[in-house]
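Atoms within each ligand, like the ligands themselves, are counted from 1 in listed order. Predicted, not measured: the structure shown is a model, and the values here were computed from it.
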Amino acid sequence: MSGMIDLRSDTVTRPTLAMRQAMFDAELGDDVYGEDPTVNRLEARAAELVGKQAALFVPTGTMGNTIGIKLLTTHGQEIICESHGHLLNYELSMAAWFAGCLIRPVDTADGILTWEKIEPYVRPLGPHWAQTGCIELENTHNMAGGTVYPLETLDEICHEARKRGIGVHLDGARVFNASVAQGVAVSRICRDVDTVMFCLSKGLAAPAGSILAGPRDLIERGRLYRKRLGGGMRQAGVLAAAGLLAFESMIERLADDHENARRLADFLGSLAGVRVVNPQPATNIVIFDVAETGRTAQEVSAALKEAGVLMNPISRAALRLVTHCDFASEQIGAVEVALAAAVRG
Ligand code: TLP
């Protein structure tokens with residue numbers, strides 16, 4: 001919202017001027033015929049970045065996850081997913097609706113699954129059980145506070161899953177944040193997963209669009225699912241142009257967002273009654289609990305709004321703040337003043 005400091009999400013980022021110019025100049029065609037040169041370039045570059053054979057431009061992260069899960073499962077199977085995962089909690093049960101699968105949630109303290117935690121939930125088909133169809137991982141993990149998978153943990157999960165013929169889908173909505181935080185290429189993070197979705201419209205600041213990438217045969221089937229879901233976007237090159245520019249100009253600067261999140265987490269930790277769930281944020285998300293202040297998260301959010309700062313409550317006790325390119329370090333002082341007053345009541 002204009003005039004406000006908006007920390008509700010990195011989805012609120014607007015395209016840069018250079019992106020708008022690139023959108024204006026984009027060479028276009030009908031993408032349902034495969035004839036939009038800008039979409040074709042975006043898909044090729046995206047596949048290269050994540051180290052997969054092929055990529056598909058989809059309108060949203062939700063559609064990318066929906067198709068990714070569909071490609072790795074058959075009706076009546078189970079999907080292993082961390083219990084605070086986006087797939088389970090924020091995607092209108094698309095895994096059930098479209099893929100016909102049940103999500104088997106696994107609890108963790110920090111959003112990061114390990115093979116040790118997953119293994120007890122892996123099921124063969126039996127007289128009482130649905131078979132595990134795939135494992136879904138979220139990196140970074142949104143509701144755990146932008147936490148990042150250690151590479152060895154990812155590698156072990158993928159290795160054990162592959163041995164058992166179970167696919168792994170990565171919800172990498174913010175995988176570029178993970179890559180910058182770890183100082184490793186996105187292709188290394190995605191090396192052993194079967195399919196990966198990432199968003200152009202979050203920290204990378206494109207106006208819309210996500211990518212689903214994986215083996216060529218799966219992505220070709222995915223193209224048909226995209227059409228079924230109403231995602232054939234015709235001259236989508238206007239959007240793809242912004243995505244292509246995002247790859248060049250918006251990735252390295254994510255480190256600034258991480259630094260701003262760390263500074264805000266430090267400040268929150270100094271406020272009486274506030275417990276920061278992730279006191280050392282690895283990326284751009286901070287979750288904090290205000291129960292001890294005697295105020296609800298909704299009350300704190302409303303008080304912040306009065307002071308010109310937007311943050312979303314994510315439960316009765318907790319709020320989430322997300323830093324991004326439309327939030328500058330010069331604005332941290334104003335946010336701190338608003339936070340101190342809002343939690344004091
Ligand atoms: N996340 C949004 C909300 O839906 C919560 C946000 O503000 O963070 N995977 C992950 C990990 C996400 O965080 C999101 C969006 C998605 C998938 C879905 O992307 P879209 O909104 O493009 O469908």
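A salt bridge links Arg234 to Asp30: at least one charged side-chain nitrogen sits closer than 4.0 Å to a carboxylate oxygen.
Using a 4.0 Å cut-off to heavy atoms of Glu138, the atoms of ligand 1 that qualify are 11 (C). Every atom of ligand 1 with a heavy atom of Ala173 under 4.0 Å away is listed here by number and element: 9 (N), 10 (C), 11 (C), 12 (C). Ligand 1 places these atoms under 4.0 Å from at least one heavy atom of Thr60: 22 (O), 23 (O).
Using a 4.0 Å heavy-atom cutoff, Lys202 is listed among the residues neighbouring ligand 1. Put simply, part of Glu91 is less than 4.0 Å from ligand 1, judged by heavy atoms. Using a 4.0 angstrom heavy-atom cutoff, Arg174 counts as in contact with ligand 1.
For the side chain to side chain contact (heavy atoms under 4.5 Å, CB included) test with Tyr149, the passing option among Asn139, Val175, Thr140 is Asn139; the others fail. The one candidate from Asp194, Thr195, Ile135, Val193 that meets the side chain to side chain contact (heavy atoms under 4.5 Å, CB included) condition with Leu170 is Val193.
The option with the heavy atom closest to atom 9 (N) of ligand 1, from among Asp171, Asn312, Val322, is Asp171. With Asn65, Val58, Asn142 as candidates, the residue nearest to atom 13 (O) of ligand 1 on a non-hydrogen basis is Asn142.
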Gln77/Cys134 under side chain to side chain contact (heavy atoms under 4.5 Å, CB included): CA gap, chis, key distance, verdict: CA-CA 8 Å; Gln77 291 187 324; Cys134 79; over 6 Å; no

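Taking atom 7 (O) of ligand 1 as the reference point, the nearest protein heavy-atom neighbour is Ser9 OG, 2.7 Å. Given atom 22 (O) of ligand 1, the protein heavy atom at minimum distance is Gly61 N, 2.8 Å. Among protein heavy atoms, atom 23 (O) of ligand 1 sits closest to Thr62 OG1, 2.6 Å. Closest to atom 1 (N) of ligand 1, if we only count protein heavy atoms, is His86 NE2, 3.2 Å.
At a 4.0 Å heavy-atom cut-off, ligand 1 does not touch His141 at all. At a 4.0 Å heavy-atom cut-off, ligand 1 touches Arg320 through the side chain alone.
Between Leu268 and Leu339 there is a side-chain heavy-atom pair separated by less than 4.5 Å. In this structure the side chain of Leu254 reaches within 4.5 angstrom of the side chain of His258, judged on heavy atoms.
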Review item, side-chain donor-acceptor pairs of residues 200-221, under 3.5 Å, at least two apart:
residue: Ser210; atom: OG; partner: Gly61; partner atom: N; Å: 3.0
residue: Arg216; atom: NH2; partner: Gln53; partner atom: O; Å: 3.4

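A 6.0 Å sphere centred on CG of Leu125 holds more than 12 heavy atoms belonging to other residues, nucleotides or ligands.
Partners of Asp155 under the salt bridge (Lys or Arg N to Asp or Glu O under 4.0 Å) rule, at least two apart in sequence or in another chain, are Arg188, Arg191.
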